[in-house]
Number of protein chains: 2
Amino acid sequence: MTKLPPESSSGKPPAQPTRRAYHHGDLKRALIAAATDLLEQEGAEALSFRAVARAAGVSQSAPYNHFAGKEDLLATIAEAGFVALAAAQTAAARRWPAGEDRLTGLGLDYIRFAVAQPQLYRLMFGVGVNDWHAYPDVSAAKRATFAPLHHALGEFLGADTPAATLEQAAVAAWGLAHGLAMLRIDGSLAGRDRVGEAGPEEGALRLFGRGLRAACVAAR
Amino acid sequence: MTKLPPESSSGKPPAQPTRRAYHHGDLKRALIAAATDLLEQEGAEALSFRAVARAAGVSQSAPYNHFAGKEDLLATIAEAGFVALAAAQTAAARRWPAGEDRLTGLGLDYIRFAVAQPQLYRLMFGVGVNDWHAYPDVSAAKRATFAPLHHALGEFLGADTPAATLEQAAVAAWGLAHGLAMLRIDGSLAGRDRVGEAGPEEGALRLFGRGLRAACVAAR
DNA sequence: TTCTGGATATGAGCAGTGTTAACATTATGG
DNA sequence: CCATAATGTTAACACTGCTCATATCCAGAA
């Protein structure tokens, strides 16, 4: 496995791309990429720090110059996952018309993200790292992920919805999407394999959305 | 750490409780107990098979006479966790009056179970074991856990609710409870520390329940 | 009773892991 | 130009999951 010439877009350019460099040039990025690949193949528990170094074509202790340890690497990947999920949610919110469709679309897209990269999603929600409090950046990225949902929900329920009610509704919606994704990932949902238009998820999401609005309207 | 005399209630009684036996007498049970204790202290990732043997006062390879490996032990503990959760749900259903209160109570009690033993709950839902399909007993125990919820939901929505709708509602309720529990466990919920009457969970659950019934009534 | 087979426990040992320390090489700024 | 920081390498430590040969105990058959 030959070393790839560094291709950093924002890092320092290497001196001699043709010569086999003692210094990798963009190791951190390469390690994250290798680890992300290995993660989806083997899962977070089986992912070995040494294997990541091996895959990046570097000695087993080189990664310690860029990460405090294995957990730090996993946390970095999880954070990137949340950033990607946030981008996907923002895009989904733009793709669907406001209202029930947007809410349902956000939920389905959320689940699709989890299904497309189940190991990453599992990592993002606890597997491999015991205490996320040690990584406040990850927690922040996690919270930012759900801004689109919160916004869409506010639109859906109407501007005159009390803030407390909106907050509860957002928590419920988030919890529902997350719960459905988890159940889908570990095979607890007996429905169709693909998260399609007719799967149990959409039914649950639509039911939830309609019911939520009805309850909010009734509460006024 | 001296060896405890075996206290099996259903296993074979030991010959001489006073003498230090070469054979433990009830090792499997002791290993499960030790592992369950260690699990809550260190988490599933940090739990070592050897440490479990050490805690049980036995050599490091003795556990292999009772479990195929570390995953097998973890799966056994997870299965016991689902059985305990199922019992708690059944008890909760009996404790609350039928209707919205019972539904909300089931959800809150579900979350309380997770909060009381977060590491066990994390283990039950994927941490430490990559592929639950290898342990069909665990999957069966998991499904059985949600029978009380399904039943209470059927009562709550009325007997004339279509089966498909009920199924979707159950999936949604399950997903919601699970999602809320996960969010609570990893500190994503900013509300009060204890899962009390005024936490965001109860609001979300009540909103969900009321909305669900409204949506089902409207669908008729 | 003695014998014998199966269940259970022990110890040594292997390959692999996360992590650290001492050392080598390269890049960079004064 | 050169000290120094950044980044890489090798070696080693303690630990892990797991396997194997061996030792011990229990229980039923001769």
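Protein chains get the first letters and strands the later ones, always in sequence-line order, with residue 1 at the start of each.
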Could you verify whether a donor N or O on one side chain and an acceptor N or O on the other, from Asn130(A) and Gln119(B), lie under 3.5 Å apart? yes

Rounded distance (Å) that lies between atom [atom2] of [N] and atom [atom1] of [X]:
X        : N       : atom1 : atom2 : answer
Phe49(B) : dT19(D) : CZ    : P     : 10 Å
Leu73(A) : dT19(C) : CG    : P     : 10 Å
Asp72(A) : dG18(C) : CG    : P     : 14 Å
Gln60(B) : dT16(D) : CD    : C1'   : 10 Å
Phe67(A) : dT19(C) : CZ    : C1'   : 16 Å

Using only heavy-atom distances, decide whether a donor-acceptor pair under 3.5 angstrom links the side-chain of [X] to the base of [N].
X        : N       : result
Asn65(B) : dA7(C)  : no
Arg50(A) : dG16(C) : no
Ser61(A) : dG8(D)  : no

Looking only at the side chain of Tyr64(A) (C-beta and beyond, no hydrogens), which of the listed nucleotides dA11(D), dT20(C), dG11(C) gets closest? dT20(C)

Which nucleotide wins on minimum distance to the side chain of Lys70(B), given the candidates dA12(D), dC18(D), dG18(C)? dC18(D)

Near DNA chain C, which residues from residues 37-48 of chain B have a heavy atom under 4.0 Å away? none

Plane angle bin for Phe49(A) and Tyr64(A) - parallel if under 30°, tilted between 30 and 60°, otherwise perpendicular: perpendicular

Is the Phe113(B) ring parallel, tilted or perpendicular to the Tyr121(B) ring (thresholds 30°, 60°)? perpendicular

Minimum heavy-atom separation for Leu153(A) to Leu166(A), with atom names? C-CD1, 4.0 Å

Pairwise distance CD1(Ile77(B)) to CZ(Phe82(B)) - rounded to 0.5 angstrom: 13.0 Å

Using a cut-off of strictly less than 4.0 Å, decide whether Arg54(A) has a side-chain nitrogen or oxygen near OP1 or OP2 of dT17(C). yes

For a quick test of reading the model: is some side-chain N or O of His66(B) closer than 4.0 Å to OP1 or OP2 of dA7(C)? no

Using a strict cut-off of less than 4.0 Å between a Lys/Arg side-chain nitrogen and an Asp/Glu carboxylate oxygen, indicate whether Lys142(A) and Asp137(A) qualify as a salt bridge. no

Is a salt bridge present between Glu45(B) and Arg122(B), judged by a nitrogen-to-oxygen distance below 4.0 Å? yes

